[in-house]
Every structure is written in structure tokens, then in C-alpha cells.
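All ligand and atom numbering here is 1-based and tracks the order in the structure.
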Amino acid sequence: MLTQKDLLGLEELTADEIKLILDTAGAMREVMTREIKKVPTLRGRVVVNLFYEPSTRTRASFELAAKYLSADTVNISAGSSSVVKGEGLLDTARTVSALGADVVVLRHRAAGAAAFLSRYVHAAVINAGDGMHEHPTQALLDLYTIRECKGKVQGLTVTFVGDILHSRVARSNIWGLSKLGAAVRVCGPATLLPPGLDRLGVQVFTSVDEAVAGADVIYVLRLQRERFVQGLLPGEEEYARLYGINEKRLARASDDAIVMHPGPLNRGVEIAAEVADGSRSVITEQVANGVAVRMACLYLLARREADDKLYH
Ligand code: CP
């Protein structure tokens, strides 16, 4: 079982805990191939999706994951809740806790929001993205997809290209990939590379051609314009020319390299359409694997939460 009540980031997980989640996701993937995609594992449990930022993939896949496990689900978006009347995060969380939530899935613009919440609610808290900090379930589904496509993670070279500065996806992946023994390269314009990356044990490049050369996985990151302050980038056309992943650049990677992207995509900016839709792309597999990985996280945390209630 997992040692902690919550899933806040991959920084806190051991390699064995990450492998446990990936192995459990494998079992969940089998459930998803059945004609009736439903098991009674979490019957009677309540999962609350509490989203303060927009989401399509994470939110929909958590909802599906909970439903496949027979949990009851409640979806709360900040824009259509009492948050617009001024209710704070803690009061909202205490409210959903009082309504019987066993698991709270939180997406919030502030780094540390999930960790803050976890101290005040009995429910297990899953971080579904906190500002520029971590997005652990995205990294877990990425690790699952890499392991499925390549048969292993250890020894691979994984290159992240793009907006590293704003990317919670890159941060979680750096922790996870490093713990499982992959070599990580990051590449982007100097204005989109945060200081201190070398302390995380990654190789930093500003030349995309060098960063991509011989890599097993090319992970393209979205330009997060909503988090930009003025002057970070010249323009999208120039960015596409200097850093966009197109067929020509991809040809420098390993012959069997795969291409990943967390979505949503800015087609023609960070990734060319022919690459996003090409034979090396595993972007749709990432989305499908996201449901299985989130089923695994809900299962492992809700089970632990139930055991805690039973024994304490
Ligand atoms: N990858 C990801 O988090 O996508 P959404 O914002 O659509 O959930």
C-alpha cells in the first residue's frame, strides 16, 4: 500500500510506490477492456472533483475512473460554485468533507494548495495540478505509457521541449523518471527555463536539435500563455521555427522514438500537426491510460483511507 494519506506529488513517492501504482493501473486497464467497464471496488465511497482551473482530460478521466470503480462522484467547478460568492478553499473543502467525501481531487492555480488542504480534511487529497508545482497523475500516466511502449523506463533518454518554466507536468515527470532510472533532458528558450534545473539532475539544452538527438522519448510541452508575463517570448511563429517539433527535428531522435504531449495542443506552435497525428505520436494512448492510472490512484488511496477509518 501507499505510505501516505494523500497523493500530492511524485517528489514524495518512492520508486516502489510509483511502480505499485503503475502495476495497479495495468490491472485497471484490463477492467477497461471489458464490455461492462465496472467493478464494485469503491461502492459506497464518494469522490469529489474540485476544480479551480479549467480541465478536460484530468477531470473527465477522474470522473470516469471513479465511476468504473462504482464510487459516487460530485463535480465542483469554481466558476459555478459558492467560490464566486467569496468562499475560500478551506471552507469549500470542509463543506465537501462534511458531505462525506472519501477522496478530494483538487486542481488549483496556487502551488501547495493540495498540501494545504490535506492538513485539514480527513479525506485523501489527490493533487490534480497545483500552479507551476506538480501534476502527479499526469506524470504517472506518462510513465505508464512510456513503460507500455518501451517495455521499461530505466536507461531511456527522455527529452522535454518547450515551456519548462510553467510546467508542473515537467516537474512531476522529472521526479518520476529520475526515480525510475531514466536520463532526463530539458530544452527551451532561456526565458522559459527556470533556474536550478541542474540541481534536479537533468541535462539542460537551449538547442533543440542537440536535445532531441538520439532520444527515446520526445515530450513536447504546451506554451502556457495564460501564465505568461509580458516579454517571455517573441512570437508564436518564431517559437515554432526555433523550438517547434516537426518531422525534420524528429528525424534526429532514436529510430523508434515516441512523441508525447500532455494536451491541450497548440498545433503549429510547439508541435506540427503531422507529428501530433503521426505514427510516433502516443498522445491518444496517454489520454486512455490516464483513466486506468487514476483508477489505480483512487483505489489505492480510498482503500487506505477506509482501512484508517477501520483501525483508528
Ligand atoms: N493534461 C492535462 O492536465 O489536461 P487538462 O488540463 O485538459 O486536464
Quick note on ligand 1: atoms under 4.0 Å from a heavy atom of G263 include exactly 1 (N), 2 (C), 4 (O)

Near Q138 (heavy-atom distance under 4.0 Å), the atoms of ligand 1 are 1 (N), 2 (C)

So the atoms of ligand 1 within less than 4.0 Å of a heavy atom of T56 turn out to be 5 (P), 7 (O), 8 (O)

Can a cation-pi geometry be assigned to R294 and F62, taking NZ or CZ under 6.0 Å from the six-membered ring centre and within 45° of the ring axis? yes

protein heavy-atom neighbour closest to atom 1 (N) of ligand 1 works out as P262 O, 2.8 Å

With heavy atoms and a 4.0 Å threshold, my read on which part of R107 contacts ligand 1 is side chain

Taking atom types as modelled, find out whether R185 and T157 have a side-chain donor-acceptor pair closer than 3.5 angstrom. no

_With no hydrogens and no angle check, just 3.5 Å: does a side-chain donor-acceptor pair link E134 and S172?_
yes

**OP:** Assess the side chains of S254 and D256: does a donor N or O sit below 3.5 Å from an acceptor N or O?
**Re:** yes

**OP:** Would you kindly say whether E87 and T92 are connected by a side-chain donor-acceptor distance under 3.5 Å?
**Re:** yes

- Exercise: do Q286 and D142 side chains pair donor with acceptor under 3.5 Å: yes

In ligand 1, the atoms that come under 4.0 Å of a heavy atom of T58 are 2 (C), 3 (O), 4 (O), 5 (P), 8 (O)

among protein heavy atoms, the one nearest atom 7 (O) of ligand 1 is R57 NH1, 2.7 Å

